[in-house]
Trainee: 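Handing you this structure, nothing more for now.
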Amino acid sequence: MDTGNFWLMAWENLTVGQWASLAWGIEAGRLMQAPGLFLLGFVLGRQEFFLQSDRNAVFWTRAMLLSLAGTVTFYVVMALPSLSGPLHTIFTMWHNVCFTGVWVAAFVLLYRLEYFRKVTVPLLTYGRMSLTNYVSQSMIGSLIFFPYALGLAPYCGYLASFAIGCVAMAGQIWFCRWWLERHRYGVLEGLWHRATWMHAGKASAPEAR
């Protein structure tokens, strides 16, 4: 919001913003794509494709090569002047899926290297507090870039914004490590856990009697 009014921004996000986000998700295909990717990751995890083994190394190498070929192919098709409307959306979705496959496959293959595992150790605590970090990222970003706080968005280019994001993430990683040394769950994860068990306890109370 250019006005710098926090309450107006919050109200717009809770009302018009939610409908606009939903409309964009439908138009861009994300509404169906996101659950599909979630289920795909769930199946791969249940089938133990993320474990370190020679069989999985072959699988992820092939997956990365196929994903890379798909990324390039769909990118070229998307650049065609005659492609527009729903067709452009469809090919964009497939391009995004293939590009995601490249990142996932590359990370899994690199994780086989001891040095890469040591470098990425801080991400273990970061992942254990994923909900807290997801929400706090929005809060930190809004305080830095939105006009109701520091309002740095007009003055930060891509490089400066990336550097700010890295500093913010480093701070989150430090906080995650500090918090998990003292608590079993993350901040919001703990609240979610308590709310879940409170609901389960209420649901089972009549049976106990």
Side-chain angles (χ1 to χ4, degrees), residues 1-31 33-34 37 64 67-68 70-81 83-85 88-107 109-111 115-116 118-127 129-178 186-188:
M1 286 293 174
D2 295 335
T3 61
N5 188 318
F6 171 80
W7 298 111
L8 179 60
M9 182 210 69
W11 176 252
E12 291 288 342
N13 274 281
L14 289 173
T15 54
V16 179
Q18 295 302 312
W19 287 108
S21 179
L22 178 62
W24 175 84
I26 296 173
E27 183 180 3
R30 295 291 180 87
L31 194 65
Q33 188 181 57
L37 291 174
M64 184 171 66
S67 298
L68 184 59
T71 300
V72 175
T73 301
F74 289 120
Y75 182 81
V76 172
V77 174
M78 287 162 51
L80 295 176
L83 195 69
S84 61
H88 189 273
T89 300
I90 292 172
F91 281 102
T92 300
M93 289 174 60
W94 280 108
H95 172 267
N96 293 340
V97 170
C98 291
F99 194 53
T100 301
V102 173
W103 278 101
V104 174
F107 190 93
L109 291 172
L110 285 172
Y111 203 75
Y115 173 76
F116 187 79
K118 291 181 179 179
V119 171
T120 55
V121 162
L123 296 179
L124 296 176
T125 53
Y126 195 81
M129 294 178 57
S130 55
L131 179 60
T132 300
N133 289 321
Y134 180 80
V135 175
S136 61
Q137 277 180 356
S138 299
M139 296 172 62
I140 294 170
S142 66
L143 291 172
I144 294 174
F145 296 109
F146 282 21
Y148 69 80
L150 296 179
L152 296 181
Y155 312 103
C156 295
Y158 292 116
L159 183 60
S161 299
F162 178 75
I164 291 173
C166 290
V167 173
M169 185 174 179
Q172 286 183 307
I173 291 174
W174 175 86
F175 175 76
C176 290
R177 184 182 303 172
W178 177 85
V187 181
L188 296 182

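Because only heavy atoms are used, hydrogens play no part in the values below, and waters and symmetry mates are left out as well, while side chains stay in. These numbers were taken from a predicted model, which means no experiment stands behind them.
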Trainee: Determine, step by step, whether Phe146 and Leu152 satisfy the side chain to side chain contact (heavy atoms under 4.5 Å, CB included) criterion, reporting the C-alpha distance in whole Å, the side-chain angles of both residues, the deciding distance to 0.1 Å, and the verdict.
Mentor: CA-CA 7 Å; Phe146 282 21; Leu152 296 181; over 6 Å; no
Trainee: Is it the case that more than 12 heavy atoms not belonging to Glu27 sit under 6.0 Å from its CD atom?
Mentor: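 Check fails, neighbour count at 12 or below.
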Trainee: Under a 4.5 Å cut-off applied to non-hydrogen side-chain atoms, are Ile173 and Asn133 in contact?
Mentor: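 No, their side chains stay 4.5 Å or more apart.
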Trainee: When rounded to the nearest 0.5 angstrom, what distance separates CG in Leu123 from SG in Cys176?
Mentor: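 Taking CG in Leu123 and SG in Cys176, the distance rounds to 10.0 Å.
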Trainee: To the nearest 0.5 Å, what is the distance between OG1 on Thr71 and CE on Met64?
Mentor: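 Atom-to-atom, Thr71:OG1 and Met64:CE are 11.0 Å apart.
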Trainee: Please tell me if the side chains of Ile140 and Met169 come closer than 4.5 Å, counting only heavy atoms from C-beta onward.
Mentor: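 Ile140 does not reach Met169 side chain to side chain.
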Trainee: What residue pairs, at least two apart or across chains, pass side chain to side chain donor-acceptor pair (under 3.5 Å) with a residue in residues 161-176?
Mentor: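 For residues 161-176: Tyr126-Gln172, Ser136-Gln172.
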Trainee: To the nearest 0.5 Å, tell me how far Arg30 CZ sits from Leu22 CG.
Mentor: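 Answer for the CZ-CG pair, Arg30 versus Leu22, is 14.0 Å.
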Trainee: Taking all heavy atoms of Ile144 and all of Leu150, pick out the closest pair and write down the distance.
Mentor: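 So the two residues come closest at O-CB, 3.4 Å.
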Trainee: Which atom pair, heavy atoms only, marks the closest approach of Thr125 to Pro122?
Mentor: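 Looking at all heavy atoms of both residues, the closest pair is OG1-O, 3.0 Å.
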Trainee: Closest heavy-atom contact between Gln18 and Leu14?
Mentor: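 Heavy-atom minimum between the residues: CG-O, 3.5 Å.
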Trainee: How many angstroms lie between atom CG of Leu31 and atom CD1 of Ile26, to the nearest 0.5 angstrom?
Mentor: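 Leu31 atom CG to Ile26 atom CD1 measures 5.5 Å (nearest 0.5 Å).
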Trainee: When you look at Phe116 and Phe107, which way does the side chain to side chain contact (heavy atoms under 4.5 Å, CB included) test go after all the steps?
Mentor: CA-CA 9 Å; Phe116 187 79; Phe107 190 93; 3.7 Å; yes
Trainee: Could you pull out all donor-acceptor pairs under 3.5 Å where a side-chain atom in residues 90-98 meets a protein atom, sequence neighbours excluded?
Mentor:
unit_1, atom_1, unit_2, atom_2, d
Thr92, OG1, His88, O, 2.6
Thr92, OG1, His88, ND1, 3.4
Asn96, ND2, Thr92, O, 3.3

Trainee: Tell me, yes or no, whether the heavy-atom count around Phe99 atom CZ, taken from other residues, nucleotides or ligands under 6.0 Å, exceeds 12.
Mentor: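 Atom CZ in Phe99 is not packed in, count stays at 12 or less.
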Trainee: Can you find a pair of side-chain heavy atoms, one from Ser67 and one from Trp103, that are under 4.5 Å apart?
Mentor: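 They are not in side-chain contact.
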